[in-house]
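Residues: numbered from 1 along the sequence shown. One-based numbering, in listed order, for ligands and for the atoms of each.
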Amino acid sequence: MAQPQVLFDYTGHLPECPTWSAEENCLYWTDILENEIHRYNTINSKHDVIKFSEEVGCFALCETGGFIVALRSGIYLTNRTGLITCKVCDNPSNPALARFNDGGTDRDGRFYAGTFWGPGDYNGALLCRVDIDLTAHVIQHDIHGANGLAFSEDKKWMYTSDTPNRVIYRTPLEENGEPGKREVFKRFEPGQGIPDGAAIDEEGCYWTALFDGYRIARLSPDGDVLEEHQLPVRCPTMVCFGGDDMKTLFITTTRENMGDTEVAERPLSGAIFTLQVAVAGMPKLKFKVSQ
Ligand SMILES: O=C1O[C@H](CS(=O)(=O)O)[C@@H](O)[C@H](O)[C@H]1O
């Protein structure tokens with residue numbers, strides 16, 4: 001079985017939202033807590049960092065170039081260098097208490113972004129969506145930490161997870177992509193790791209980063225564990241597919257809230273790993289803008 005390899009000599013603070021750009025042969029990702037979007041060119045090893053003024057929860061590449069990016073205060077369009085060109089909406093959570101977290105595009109190029117309820121006293125986070133006409137809509141409530149967004153290849157399901165609540169949900173999608181009522185897809189018992197960011201492969205299997213679980217798992221559409229891959233770090237945060245054949249799984253990890261002892265014991269905490277897998281993954285679509 002293939003082993004995870006380190007992508008390059010880098011460890012971040014809270015890397016998330018890995019996003020493959022096929023035309024550039026580049027991996028993009030955020031470091032949420034460092035207010036950054038990173039780009040790494042897998043051909044010439046060039047590494048660029050774009051700085052923002054607030055935490056970057058998640059982003060998607062835009063068809064028109066640049067990014068749609070969920071900062072703490074709201075969602076924005078930017079150019080390729082990160083310069084804000086348009087504010088799309090305010091953060092519909094209380095931005096003092098909830099920053100944006102996981103997000104991405106659906107199979108029609110709309111942008112979803114969820115928040116993370118900082119105080120943790122109740123499920124105060126939400127999931128919102130930006131349509132191609134730049135209107136924003138709150139789609140789901142009753143979330144502690146929005147995560148695990150992925151869309152099935154047949155456009156029938158939206159998957160999400162709520163990491164602190166140790167649960168993956170799935171939500172049926174109507175033909176026009178409108179979500180119905182969410183249902184529990186899989187719950188995790190204490191000590192198993194908790195479901196963080198995710199991606200879906202061509203066989204409809206859901207790959208989940210098991211935060212605090214030292215591994216990633218591939219789940220069948222029925223929720224059975226088909227594969228598990230161990231990592232030399234405790235907290236993977238998210239996965240995405242890329243590479244020439246879409247069979248490279250990129251895995252972000254974190255060193256957030258880790259003490260010096262753990263970082264010394266597991267110095268790759270915060271690194272990005274690659275894993276060669278047998279089944280190709282679904283590409284992330286770019287955000288479409290109708291105007
Ligand atoms: O997505 C995230 O999840 C983790 C884990 S947890 O939900 O707090 O258990 C969190 O540390 C991180 O800040 C967040 O981005």
Side-chain angles (χ1 to χ4, degrees), residues 11-19 28-38 52 54-60 69-73 75 91 93-104 112-128 140-150 159-169 185-199 206-217 231 233-240 250-259 262-263 266 269-273:
T11 47
H13 189 179
L14 179 51
E16 291 256 14
C17 204
T19 302
Y28 288 81
W29 67 96
T30 64
D31 188 325
I32 297 179
L33 298 177
E34 298 299 323
N35 306 354
E36 294 165 349
I37 290 179
H38 292 244
F52 292 83
E54 303 170 29
E55 294 108 311
V56 186
C58 55
F59 68 92
V69 57
L71 304 180
R72 180 178 278 271
S73 61
I75 299 179
N91 177 349
S93 287
N94 176 344
L97 300 177
R99 63 164 167 79
F100 274 106
N101 198 49
D102 185 272
Y112 280 75
T115 59
F116 200 102
W117 186 245
D121 47 355
Y122 71 106
N123 289 337
L126 50 79
L127 179 68
C128 70
Q140 286 179 350
H141 295 274
D142 190 21
I143 302 165
H144 182 166
N147 249 318
L149 183 80
Y159 291 83
T160 54
S161 69
D162 186 342
T163 314
N165 284 320
R166 306 197 308 267
V167 61
I168 301 172
Y169 294 107
F185 177 65
K186 192 172 182 69
R187 282 192 195 280
F188 289 75
E189 297 304 319
Q192 292 185 318
I194 46 178
D196 205 313
Y206 182 88
W207 290 78
T208 175
L210 291 172
F211 188 95
D212 211 15
Y214 297 90
R215 69 197 192 286
I216 52 169
L231 294 164
V233 297
R234 181 165 57 88
C235 295
T237 56
M238 195 164 173
V239 294
C240 85
F250 293 95
I251 306 160
T252 51
T253 72
T254 182
R255 57 176 57 196
E256 181 193 15
N257 297 328
M258 286 181 188
E262 177 163 8
V263 172
R266 299 188 193 90
S269 300
I272 295 176
F273 295 87

Interfacing atoms of ligand 1 (cut-off 4.0 Å, heavy-atom, Pro164): 7 (O)

Location of contacts on Leu14 toward ligand 1, heavy atoms closer than 4.0 Å: side chain

Arg99 neighbourhood, listing ligand 1 atoms whose heavy-atom distance to it stays under 4.0 Å: 12 (C), 13 (O), 14 (C), 15 (O)

Under 3.5 Å donor-acceptor, Ser269 side chain and Val233 backbone: no

Residue Asn147 vicinity, atoms of ligand 1 by number, heavy atom under 4.0 Å: 1 (O), 2 (C), 3 (O)

Atoms in ligand 1 with a heavy atom of Glu16 nearer than 4.0 Å: 1 (O), 2 (C), 14 (C), 15 (O)

Check: Glu54 side chain, Arg72 main-chain N or O, donor-acceptor pair, under 3.5 Å: yes

Derivation and outcome, ring pair (Phe, Tyr, Trp, His ring centres under 6.0 Å), residues His38 and Trp29: CA-CA 5 Å; His38 292 244; Trp29 67 96; 5.0 Å; yes

Protein contact of atom 12 (C) of ligand 1 - nearest heavy atom, named by residue and atom, plus distance: Glu256 OE1, 3.2 Å

Check: Asp196 N/O within less than 3.5 Å of ligand 1 N/O: yes

Shortest protein contact, atom 8 (O) of ligand 1 (heavy atom only): Phe116 CZ, 3.5 Å

Over-ring placement of Arg99 relative to Phe116, 6.0 Å and 45° cut-offs: yes

Aromatic contact, Tyr122 with His144 (centres under 6.0 Å): no

Ring centers of Tyr169, Phe185 separated by less than 6.0 Å: no

Contact check: Asn101 vs ligand 1, nitrogen or oxygen atoms, below 3.5 angstrom: yes

Under 3.5 Å: donor-acceptor pair, side chain of Thr253, backbone of Gly270: yes

Sub-4.0 Å atoms of ligand 1 with respect to non-hydrogen atoms of Ile194: 9 (O)

